[in-house]
> 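Would you mind keeping the following structure in view while I ask a few things?
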Amino acid sequence: MQKFKTLDGYYVYNIEKEKKHYYLADKNSYKKDIESLLNKVEDIKFDSLIIIFGIDTGEYLNELYSVLCEKNRIIIFEPNEAVFNNNKDKIDNNNVALVLYDKNNIIETLYSIIGSLNFNNLYVHAFGNYAEVYKEEYETFIENLDYAYYTAGSSISVANRFREVFVKNLIGNLKALKNATPLNLYENINKGIPAIIVSAGPSLDKNLAEMVKHKNEVEKYFIIAGSRTLKSMVNSGIKPDMVVSIDPVDDNYDMMKDYLEEDVPLAFYEYSNRYLVRDYKGEKIYTSAFLSKIIEKSDIIKGVYSGGSVAHTCVDIANIMGCSPIILVGQDLAFTYDKHHSDSAIFDSDKKNNYNANLSVENVFGEKIRTNATLNQFRIKMQEYINFHSKVNNVEFINASYGADIKGAPHKELADVFKIYKVNNRKKTCIVDKSIEIDAEAVSSDVLDYIEEYIAKANKGEELCKELLLDKTDKSLIDIDEDDEDLEKFLYIMEIVDNFESSPKSLYFGAYLNKFVFDTKQEIFNISAKDFESLTSNLKYQSKCFLAYFEKMRNFLEEVKSLILETLEEFY
């Protein structure tokens, strides 16, 4: 690797790759590559995230800084280790991170920086000649970036779609807690017992037929089913040891409505379908998503991993119980046999769903198989989980399905699994210990009191904003005196906002808060980077923005209050 001076006075690296030499940027007009980057971020917003593939000599950084503001973050991925090492100690800006590109952990890195509040405000650019010189690495980078983008976008989309039912399920399910056993009592009760996680993919019918053949062995394993697969198992004469339901919608109730009398324990969480939790006659196991972070004396209640599908939750419950190996059946994550689900796990609600397959991945036999972005995302999250727990907790994972390959869970035929993994110890199934001391009505009252408190604060904030807007002087927040009355009003406004968005009690609002923060950022605080300093220091401009903020805040709180009161009337 050598550094050369370009014809227009910059420096560029010349590197050797596969016995060929390449310049990482234009050796004649380096300025042209810098201008290409600057044009990419021309309309950048004040809090945009800039992702750049390739740093080269870093000659573009100072000019890039000149068009950004203090809130912008820059993440630079460098695929050449020597180039990375030459630059890693030269970055002197806290808003800039230089990351060595590694195809083995790039997806985890991208997930850590792309979230539901910034996914639609990204600027991505391959500097200079990087996209050509590192063609394979760049294509993999963009592919994984698309996955991270889709995941973040999907999370806000799902949150918006189900925000009403989330609130209603939370309030409705509070009443069931006094009759539920906390999941933490199941910790390590089945150490070393194999677990079978039964999913509803196209492989299920074949897997289930094998389980029926080996019913004696199956009965010694701990079997966890999702709500969609309970019917298939019961009809095959195999009783699971636990059924898990996390989906919030009424379709999930319909999948189990004929099996409400089963004596299999049902694991649920705050957002599980409230009617299913209410009407199911078997024992119930509670896993906490967030109530344990809010309600006093409930912090010992264990939560579970959330990877998007019920299978992730089932796998984590098996892991919490100490099971190993954890065997996946019906976990295709692809359109095996050109089907979206097994024949035995299809319901009327599937007719309204659009199951498109627009991607392809390798299956367990190394052949191409069709899938889609959602299923592939589930696969990626499952692989992340497996990678961590197989190393940290020494848990073994096996994939007995016939769909997409799941790294870390090698494929084995189920018949072979039963031959290899013999069980000597007796598994433990249902634990009944209704020790959860949560007063449902007190919690509901606490939520309503919190809403009333912040409706009042929204009104107060709105009143203060209007007072500030009536002031005829044009004040700057940079130059204003510390004891200025208007500054004190503005600081109180900011205190209301900060306390509201950061309070643990705001978790009660679930997806409503996510939507509120997302919408206000897009509609009210959509400031360009070049205007950031002037507009954020302008007291009147800020007062106008927060006036709109408090109006939206009050409206969303009133809506949540109405949903809670409606649910209380129905369930209490």
Side-chain angles (χ1 to χ4, degrees), residues 38 41-50 64-73 93-95 116-118 120-121 123 156 449-503 505-506 509 512-562:
L38 296 180
V41 299
E42 186 177 13
D43 61 342
I44 197 162
K45 303 304 178 187
F46 80 97
D47 58 349
S48 295
L49 175 65
I50 302 97
L64 180 59
Y65 295 157
S66 68
V67 300
L68 306 181
C69 73
E70 62 186 67
K71 294 291 186 181
N72 292 125
R73 290 180 62 214
N93 189 311
N94 292 331
N95 287 5
S116 60
L117 294 181
N118 68 5
N120 64 334
N121 208 3
Y123 290 76
I156 195 72
D449 289 344
Y450 184 70
I451 289 174
E452 292 293 353
E453 176 188 352
Y454 272 91
I455 287 175
K457 287 186 176 180
N459 290 333
K460 180 62 178 177
E462 193 172 46
E463 177 188 323
L464 292 173
C465 288
K466 289 177 179 177
E467 289 177 10
L468 292 173
L469 287 169
L470 289 173
D471 194 327
K472 294 181 180 179
T473 57
D474 222 359
K475 294 180 180 179
S476 167
L477 289 167
I478 296 175
D479 303 324
I480 198 168
D481 292 336
E482 288 185 9
D483 58 352
D484 189 290
E485 185 180 340
D486 286 348
L487 178 60
E488 291 178 2
K489 291 177 182 178
F490 185 74
L491 290 176
Y492 183 69
I493 287 168
M494 293 301 297
E495 183 182 334
I496 294 173
V497 173
D498 290 342
N499 289 344
F500 174 65
E501 293 189 2
S502 63
S503 171
K505 288 190 177 183
S506 289
F509 306 136
Y512 267 95
L513 183 65
N514 295 339
K515 176 175 169 53
F516 170 74
V517 173
F518 182 82
D519 287 351
T520 54
K521 177 184 169 187
Q522 293 300 115
E523 298 170 21
I524 300 172
F525 300 104
N526 198 13
I527 307 170
S528 66
K530 65 177 182 294
D531 295 329
F532 177 74
E533 187 174 342
S534 62
L535 291 180
T536 54
S537 62
N538 186 305
L539 183 57
K540 281 195 181 299
Y541 177 84
Q542 290 288 76
S543 300
K544 182 179 178 182
C545 289
F546 283 106
L547 179 64
Y549 177 98
F550 287 124
E551 181 180 356
K552 285 183 173 292
M553 174 180 163
R554 184 180 58 248
N555 289 342
F556 119 69
L557 288 172
E558 292 283 8
E559 187 174 346
V560 174
K561 176 184 172 183
S562 176

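Residue numbers run from 1 in the order of the sequence given.
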> Check D474, D484, L468, D471 against L539 for a side chain to side chain contact (heavy atoms under 4.5 Å, CB included) and give me the one that passes.
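Looking at D474, D484, L468, D471, the match for L539 under the side chain to side chain contact (heavy atoms under 4.5 Å, CB included) is L468.
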
> Atom CG of L557 and atom NZ of K552: how far apart are they, to the nearest 0.5 Å?
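The NZ atom of K552 is 13.0 Å from CG of L557, to the nearest 0.5 Å.
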
> Have D449 and Y454 got a donor and an acceptor in their side chains that come within less than 3.5 Å?
no

> Roughly how far, to the nearest 0.5 Å, is NZ of K71 from CG of N95?
9.0 Å

> Using a strict 4.0 Å threshold on nitrogen-to-oxygen distance, state whether K466 and E463 make a salt bridge.
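The answer is no: the pair does not qualify as a salt bridge.
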
> Taking the six-membered ring for Trp and the single ring otherwise, decide whether the centroids of F516 and F509 are under 6.0 Å apart.
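No, the ring of F516 stays outside the 6.0 Å limit from the ring of F509, centre to centre.
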
> Would you sort out whether F490 and L464 count as a side-chain contact (heavy atoms from CB on, under 4.5 Å), showing the intermediate values?
CA-CA 8 Å; F490 185 74; L464 292 173; over 6 Å; no

> Checking the side chain of Y123 only, and the main-chain atoms of D43 only, is there a donor and an acceptor separated by less than 3.5 Å?
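Side chain of Y123 to backbone of D43: a pair is present.
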
> Could you tell me if the side chain of K460 sits less than 4.5 Å from the side chain of Y492, heavy atoms only?
yes

> side-chain contact (heavy atoms from CB on, under 4.5 Å) between V517 and E501: does it pass, once the steps are laid out?
CA-CA 8 Å; V517 173; E501 293 189 2; 4.1 Å; yes

> Rounded to the nearest 0.5 Å, what separates atom CD1 in I527 from atom OH in Y541?
4.0 Å

> Once rounded to the nearest 0.5 Å, what's the spacing between atom CD1 of I480 and atom CG of L487?
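The distance works out to 5.0 Å.
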
> Taking the basic N atoms (NZ, or NE/NH1/NH2) and the acidic carboxylate oxygens, is any pair closer than 4.0 Å for R554 and E558?
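Looking at R554 and E558, the cut-off is not met.
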
> Any heavy-atom pair between the side chains of V67 and K530 that's under 4.5 Å?
no

> So F500 and Y450, would you call those rings parallel, tilted or perpendicular, with 30° and 60° as cut-offs?
parallel

> Taking it one step at a time, do F546 and M494 satisfy side-chain contact (heavy atoms from CB on, under 4.5 Å)?
CA-CA 9 Å; F546 283 106; M494 293 301 297; 3.4 Å; yes

> Between K521 and D47, does any NZ, NE, NH1 or NH2 come within less than 4.0 Å of an OD or OE carboxylate oxygen?
yes

> For a side chain to side chain donor-acceptor pair (under 3.5 Å) with S48, tell me which candidate from N118, N120, N121 qualifies.
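The option that passes is N121.
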
> Can you find a heavy atom in the side chain of E495 that is under 4.5 Å from one in the side chain of D498?
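No - every pair of side-chain heavy atoms lies 4.5 Å or more apart.
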
> When you look at CD of E523, are more than 12 heavy atoms from neighbouring residues, nucleotides or ligands closer to it than 6.0 Å?
yes

> Is there a side-chain contact between K544 and L469 (heavy atoms, below 4.5 Å)?
yes

> Under 4.5 Å between any side-chain heavy atoms of S528 and F46, yes or no?
no

> Which heavy atom in C69 sits nearest to a heavy atom in N72, and how many Å separate them?
N-OD1, 2.9 Å

> So, the side chain of N555 versus the backbone of E551: is there a donor-acceptor pair under 3.5 Å, distance only?
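It does hold such a pair.
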
> Less than 3.5 Å apart, any donor N or O on the side chain of S534 or D531 sitting next to an acceptor on the other?
no

> When you measure from the side chain of N538 to the backbone of K540, do you find a donor-acceptor pair of N or O atoms at a distance under 3.5 Å?
yes

> Just verifying a value: how many Å separate L491 CG and E482 CD, rounded to the nearest 0.5 Å?
10.0 Å

> Compare every heavy atom of C465 with every heavy atom of I493, then report the nearest pair and how far apart it is.
CD1-SG, 3.7 Å

> Quick one: CE on M553 to CG on N459, what's the gap to the nearest 0.5 Å?
9.0 Å

> Has Q522 got more than 12 heavy atoms of other residues, nucleotides or ligands less than 6.0 Å from its CD?
yes

> Under 4.0 Å between a side-chain nitrogen and a carboxylate oxygen: does that hold for K475 and D486?
yes

